[in-house]
2 protein chains.
Amino acid sequence: MVRNHVLSKIEAGEWAEGARIPSETQLVDLLGVSRMTVHIALRDLSAEGVLVRRQGAGTFVAPRRSQSTFLELRNIHDEIEARGNRHSTEVLKLETVFCDLALATELNVPPGSAVFHSVLLHRENDRPLQIEDRFVNPRFSPDYLEQDYTRITPNVHLMAAGPLEEVEHVIQAVPADDTTRALLDMATGDPVLLLRRRTWSRGMIASSARLLHPGTRFSLAGRMRVAR
Amino acid sequence: MVRNHVLSKIEAGEWAEGARIPSETQLVDLLGVSRMTVHIALRDLSAEGVLVRRQGAGTFVAPRRSQSTFLELRNIHDEIEARGNRHSTEVLKLETVFCDLALATELNVPPGSAVFHSVLLHRENDRPLQIEDRFVNPRFSPDYLEQDYTRITPNVHLMAAGPLEEVEHVIQAVPADDTTRALLDMATGDPVLLLRRRTWSRGMIASSARLLHPGTRFSLAGRMRVAR
DNA sequence: CGGCAGTAGTTGCATATACAAGTTTATACA
DNA sequence: TGTATAAACTTGTATATGCAACTACTGCCG
């Protein structure tokens with residue numbers, strides 16, 4: 001109850017980032033519950049990174065930046081939904097191309113062979129967050145082009161097409177070209193965070209993707225316990 | 001107290017993965033604290049993924065988190081030497097600072113307390129490759145400022161100061177400011193790949209570092225087999 | 001004007017109590 | 001033997017209370 005109240009206030013924008021929220025005793029009067037109940041709820045939200053609490057000073061809305069975990073292979077849909085936001089996809093390209101030498105090497109297929117190519121734009125609450133530029137090995141997923149990617153992500157389809165065996169990630173910071181800047185709604189001079197991801201399945205390279213993110217409002221994050 | 005008891009039991013292997021641990025009331029008798037205290041502690045550990053709780057059934061040790069070799073803690077010296085190149089370090093700053101609110105939050109120490117600060121420039125074959133801007137908790141490593149960082153990296157010193165328990169990584173692409181651009185020998189408009197790394201040891205945040213790399217000639221890469 | 005002490009207000013933490021909700025085990029009965 | 005019921009046990013949640021630790025502010029005094 002306290003939790004929902006706080007989250008909805010933040011969601012609605014009434015309590016902005018960095019703003020101080022009512023004290024525990026004020027929330028007690030407001031919601032008619034005991035202080036411990038309020039305390040536990042705020043404590044949990046603090047542990048989750050939604051709030052920041054400072055003893056003696058007050059409770060504040062934590063600054064939020066879109067984050068993606070790179071340790072797990074979650075698809076962007078789940079990432080966004082997990083943050084309580086709305087995910088939507090726009091299909092920009094869905095085609096067959098014949099690969100040049102570089103692409104052939106990248107996918108480990110013969111040069112000139114046909115491969116599938118898709119370009120999607122993912123939005124978080126209508127704000128563009130990722131361009132997903134993907135090449136897929138047709139031998140791995142022959143029906144890749146027939147899917148409705150406004151409903152499922154390519155990730156989901158590919159995971160269903162075969163067991164994931166190996167993943168390769170390369171992360172880079174690159175300047176934004178004009179097309180990218182326009183699509184991602186970025187300011188001039190802002191950099192792009194580029195995540196290249198190749199996946200192996202059934203002994204072949206199933207897919208190679210370039211995931212482009214606006215550097216100013218996106219970061220990759222991961223936290224792990226070290227082996228004991 | 002309850003927390004440490006549980007963690008040490010798991011650490012020691014007395015409570016194995018998936019095993020059921022004593023009930024709340026049993027821990028009350030065992031440790032001589034109230035049930036609510038036990039409950040809160042177990043609740044937190046459950047939120048952190050260390051335990052799994054099922055109402056009516058009991059509390060169990062959670063299966064360990066999947067470990068990734070991606071972004072393992074190799075220090076930059078080994079990275080460069082592994083490529084057959086020469087590594088050199090220049091010490092730009094080595095000082096004590098009093099932390100403001102943001103830094104205090106980052107390190108989880110009281111605002112205004114003294115922390116150690118170092119800024120190093122790492123070169124690969126005399127070409128700048130990384131600015132290492134690091135804050136260290138003096139409680140964790142009191143003799144941090146007395147080391148010779150042209151001979152060993154801070155990473156090596158910190159690893160020797162205590163067992164690494166947890167690591168947090170955040171990766172961002174950011175524009176380069178003038179100082180950074182000059183130090184890293186970058187062209188105007190080139191982005192910076194920023195890796196923020198926080199490490200936990202002996203129950204506290206030992207260190208928080210900002211590692212800045214020239215985006216055009218640096219990338220983070222990792223490849224991992226997926227667990228089945 | 002600057003520094004100091006006091007004070008009100010805030011979060012942090014532990015306790016004691018009560019009941020709800022879910023699971024497992026034991027028992028009674030057909 | 002199989003099923004239904006009951007009891008015992010476990011975690012989940014909410015409340016009321018007390019005090020410690022810390023912060024920010026006010027006002028006093030030199």
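Side chains are part of it too, since the values below use all heavy atoms of this structure and drop only hydrogens, waters and symmetry mates. Per chain, numbering begins at 1; letters A, B, ... match sequence-line order.
One cannot find a donor-acceptor pair under 3.5 Å joining the base of dG22(C) and the side-chain atoms of R53(B).
T59(B) has a side-chain polar atom (N or O) that falls below the 4.0 Å cut-off from OP1 or OP2 of dT11(D).
Note: CZ (R3(B)) to P (dA14(C)) measures 12 Å, nearest angstrom. When rounded to the nearest whole Å, the span between CZ of R20(A) and P of dA24(D) equals 9 Å. Note: NE2 (H39(B)) to P (dA21(C)) measures 15 Å, nearest angstrom. Here dT23(D) presents its P atom at 10 Å from CG of L101(B), a figure rounded to the nearest Å. With rounding to whole Å, E24(A) atom CD is found 12 Å from dG9(C) atom C1'. Summarising the geometry, the separation between CG on L27(B) and C1' on dT10(D) is reported as 12 Å, rounded to the nearest angstrom. Between D29(A) atom CG and dT10(C) atom C1' there is a gap of 14 Å when expressed in whole angstrom units. Going from atom CD1 of I40(A) over to atom C1' of dG12(D) covers 12 Å, rounded to whole Å.
Considering all non-hydrogen atoms of both residues, H213(A) and L129(A) come closest at CD2-O, 3.4 Å. When all heavy atoms are compared, the tightest approach of V28(A) to S34(A) is CG2-C, 3.8 Å.
Contacts of S23(B) with the nucleic acid, taken as non-hydrogen atoms under 4.0 Å apart, involve only primed sugar atoms and P, OP1 or OP2. When heavy atoms are screened at a 4.0 angstrom cut-off, P111(B) is found touching the sugar-phosphate backbone but no base atom. Backbone-only engagement by R54(A) is indicated by non-hydrogen atom pairs under 4.0 Å involving sugar-phosphate atoms exclusively.
Salt bridge E132(A)/R197(A): absent, no basic N to carboxylate O contact under 4.0 Å.
Classification of the H122(A)-H87(A) ring pair by plane angle, with boundaries at 30° and 60°, yields parallel.
The T25(A) side chain lies nearest to dT10(C) when the options are dT15(C), dT13(D), dT10(C). Checking dT23(D), dG12(D), dT11(C) against the side-chain heavy atoms of A57(A) singles out dT23(D) as nearest. Checking dT10(D), dT15(C), dA14(D) against every side-chain atom of T37(A), the shortest atom distance belongs to dA14(D). Side-chain proximity of R35(A) to the nucleotides dG12(C), dG12(D), dT10(D) is greatest for dG12(C).
Toward the 5' end of DNA chain C, the nearer of the two residues G58(A) and M36(A), judged by each one's closest nucleotide, is G58(A). Toward the 5′ end of DNA chain D lies the nearest nucleotide of Q55(B), the other residue of the pair G56(A) and Q55(B) mapping further downstream.
Ring to ring, F135(B) and Y144(B) are not that close: their centroids are 6.0 angstrom or more apart.
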